[in-house]
Amino acid sequence: MRFDVLTLFPDLIRQAMGVGVVGRALETGKIALDCWNPRDYAHDNYRTVDGRPYGGGPGMVFMIEPLRRALFAAKERSGAAPCVLLSPQGRRFDQDRARQWAQLPGLLLICGRYEGVDQRFVDRYVDEEISIGDFVVSGGELPALTITDAVTRLLPGVLHTDASAIEDSFMDGVLDCPHYTRPELADEGAVPAVLLSGNHSMIAAWRRKQSLGATWLRRPDLLGKLQLNKVDQRLLIEFINEHRSKIGVQ
Ligand code: SAM
């Protein structure tokens with residue numbers, strides 16, 4: 001899969017994508033990255049990319065011209081990849097969207113800056129606006145990195161075992177279960193005995209119960225969207241009863 005990123009800070013994108021899981025995916029050719037800096041496509045000697053807002057007011061606005069020229073150059077490489085503008089006003093990014101985009105050959109991400117991008121550019125060239133949450137950061141780079149990471153880890157062969165991604169939170173509508181590693185006994189407590197039992201079906205049932213329970217406790221909105229089968233219903237009731245007796249509620 002290829003990512004084309006329009007950004008005033010290509011080094012930030014390249015450096016952040018050069019490490020960890022995504023860095024390995026780049027090294028092994030599972031993904032490709034090209035950054036396109038609108039400043040390189042500006043007309044004047046000052047490489048201007050922003051202008052004062054018509055109608056007055058604070059801040060500056062990302063100009064159409066350098067963005068359009070950078071976009072057209074990127075499109076020659078990215079082909080039919082959807083053109084996505086990072087924007088706090090966009091549709092909220094989530095795991096379903098990450099999964100959907102992981103099926104695509106490419107994604108073209110546009111990082112806004114300043115007060116935002118001239119609306120005429122958005123209206124003409126942007127297929128979709130995507131937000132990473134109801135807050136405002138200073139530019140689209142961190143949101144773009146969030147998206148490239150979430151999508152990359154779903155590509156076949158990127159994680160050591162593809163099963164790791166399948167068990168992540170949100171993949172089947174519930175949160176992930178808790179994880180433990182050495183030592184078995186620490187000052188902070190012991191590892192749940194079932195995980196040391198070697199009984200794989202008991203371990204799987206315990207993990208499923210914890211996932212369902214964590215979702216019930218922390219994200220009941222997610223649970224409301226699921227049709228739980230009989231086994232899941234039983235596990236969740238067990239969790240709720242255990243939780244209630246732990247906190248002393250009948
Ligand atoms: N004035 C804009 C507004 O209130 O909608 C915010 C502009 S913000 C300072 C500059 C750029 O950061 C935006 O154009 C966008 O690309 C990016 N950005 C900020 N918050 C974001 C979010 N929650 N999700 C995605 N992109 C975001």
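Because the structure is a prediction, the values reported are computed rather than measured.
A salt bridge is absent between K246 and E242: the closest approach of a Lys/Arg side-chain nitrogen to an acidic carboxylate oxygen does not fall below 4.0 angstrom. Between D172 and R208 there is a salt bridge, since at least one side-chain N of the basic residue sits less than 4.0 Å from a carboxylate O of the acidic one. Ionic pairing of R2 and D4 is present here: one or more N-O contacts between side-chain nitrogen and carboxylate oxygen are shorter than 4.0 angstrom. A salt bridge is defined here as a Lys NZ or Arg NE, NH1 or NH2 lying under 4.0 Å from an Asp or Glu carboxylate O, and R207 with D176 fails to meet this definition. Using a 4.0 Å cut-off between charged side-chain N and carboxylate O, R68 and E65 make a salt bridge. Between D134 and R92 there is a salt bridge, since a side-chain N of the basic residue sits under 4.0 Å from a carboxylate O of the acidic one.
Side-chain atoms of R52 and M60, non-hydrogen and from C-beta on, do get closer than 4.5 Å to each other. Looking at F135 and P88, their side chains never come closer than 4.5 Å, going by heavy atoms from C-beta outward. Between R113 and D50, the closest side-chain pair of non-hydrogen atoms is not below 4.5 Å. Using a 4.5 Å heavy-atom cutoff, the side chains of L109 and L6 are not in contact. Using a 4.5 Å heavy-atom cutoff, the side chains of V126 and V84 are not in contact. The closest side-chain heavy-atom distance from R91 to I130 is below 4.5 Å. Looking only at side-chain heavy atoms (C-beta outward), P82 and L104 come within less than 4.5 Å of each other. The side-chain heavy atoms of V19 and R24, taken from C-beta on, include no pair separated by under 4.5 Å.
Separating the CH2 atom in W216 from the CG atom in L175 is a distance of 13.5 Å, to the nearest 0.5 Å. Going from atom CG of L8 over to atom CG of D40 covers 9.5 Å, rounded to the nearest 0.5 Å. The CG atom of D118 lies 11.5 Å from the CZ atom of R124; values are rounded to the nearest 0.5 Å. Taking CD from Q227 and CD from Q233, the interatomic distance works out to 9.0 Å, rounded to the nearest 0.5 Å. With rounding to the nearest 0.5 Å, the separation of CG in L155 from CD in Q103 is 9.0 Å. Separation of atoms CZ (R219) and OG (S169) is listed at 9.5 Å; rounding is to 0.5 Å.
Taking hydrophobic clusters as Ile, Leu, Val, Met, Phe, Trp and Tyr residues chained together by side-chain heavy-atom distances below 4.5 Å, L26 shares a cluster with V151. A single hydrophobic cluster is not seen to contain both V194 and L212; linkage of ILVMFWY side chains at heavy-atom distances under 4.5 Å, directly or through other members, places them apart. When the side chains of ILVMFWY residues are joined at heavy-atom separations under 4.5 Å, either directly or via intervening members, F170 and L228 end up in two distinct hydrophobic clusters. V61 and F9 end up in different hydrophobic clusters when Ile, Leu, Val, Met, Phe, Trp and Tyr side chains are linked at under 4.5 Å. In this structure, L236 is not a member of the same hydrophobic cluster as L222, with clusters built from ILVMFWY side-chain heavy atoms closer than 4.5 Å.
Nearest heavy-atom pair, L108 versus K75, reported as atom, atom and distance to 0.1 Å: CD1-CG, 3.9 Å. Annotation for P66 and Y41: closest pair O-CB, 3.7 Å, computed over non-hydrogen atoms. Residues M171 and I166 approach most closely at CB-O, 3.3 Å, considering heavy atoms. When all heavy atoms of I110 and C83 are compared, the closest pair comes out as CD1-SG, 3.5 Å. Closest of all the heavy-atom pairs between T152 and T148 is OG1-O, 2.6 Å. Considering every non-hydrogen atom in both P53 and G59, the closest pair reads CD-O, 3.1 Å.
With no hydrogens or angles considered, no side-chain donor-acceptor pair links D96 and Q100 at under 3.5 Å.
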Verdict with supporting geometry, I31 and M17, side-chain contact (heavy atoms from CB on, under 4.5 Å)
CA-CA 10 Å; I31 59 169; M17 286 184 68; 4.0 Å; yes
Quick one, D34 with F3, criterion side-chain contact (heavy atoms from CB on, under 4.5 Å). Give me CA distance, side-chain angles, the key distance, then yes/no.
CA-CA 6 Å; D34 266 318; F3 294 102; over 6 Å; no
Worked check of side-chain contact (heavy atoms from CB on, under 4.5 Å) between C35 and R14
CA-CA 8 Å; C35 291; R14 287 196 198 102; 3.7 Å; yes
Can you list the steps and then say if V5 with W36 is a side-chain contact (heavy atoms from CB on, under 4.5 Å)?
CA-CA 6 Å; V5 184; W36 308 85; 6.0 Å; no
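In this structure a side-chain-to-backbone donor-acceptor pair under 3.5 Å is missing from R244 to V249. In this structure a side-chain-to-backbone donor-acceptor pair under 3.5 Å is missing from S87 to E129.
Between Y180 and W206, the ring-plane angle classifies as tilted under the 30° and 60° cut-offs. Taking the six-membered ring for Trp and thresholds of 30 and 60 degrees, F239 and H243 have nearly parallel ring planes, at less than 30 degrees apart.
Relative to the ring axis of W101, R97 places its NZ or CZ within 45° and under 6.0 Å from the centre.
At most 12 heavy atoms of other shown residues, nucleotides or ligands fall within 6.0 angstrom of atom CD in E76. Heavy-atom neighbours of H179 NE2 from other residues, nucleotides or ligands within 6.0 Å: above the threshold of 12.
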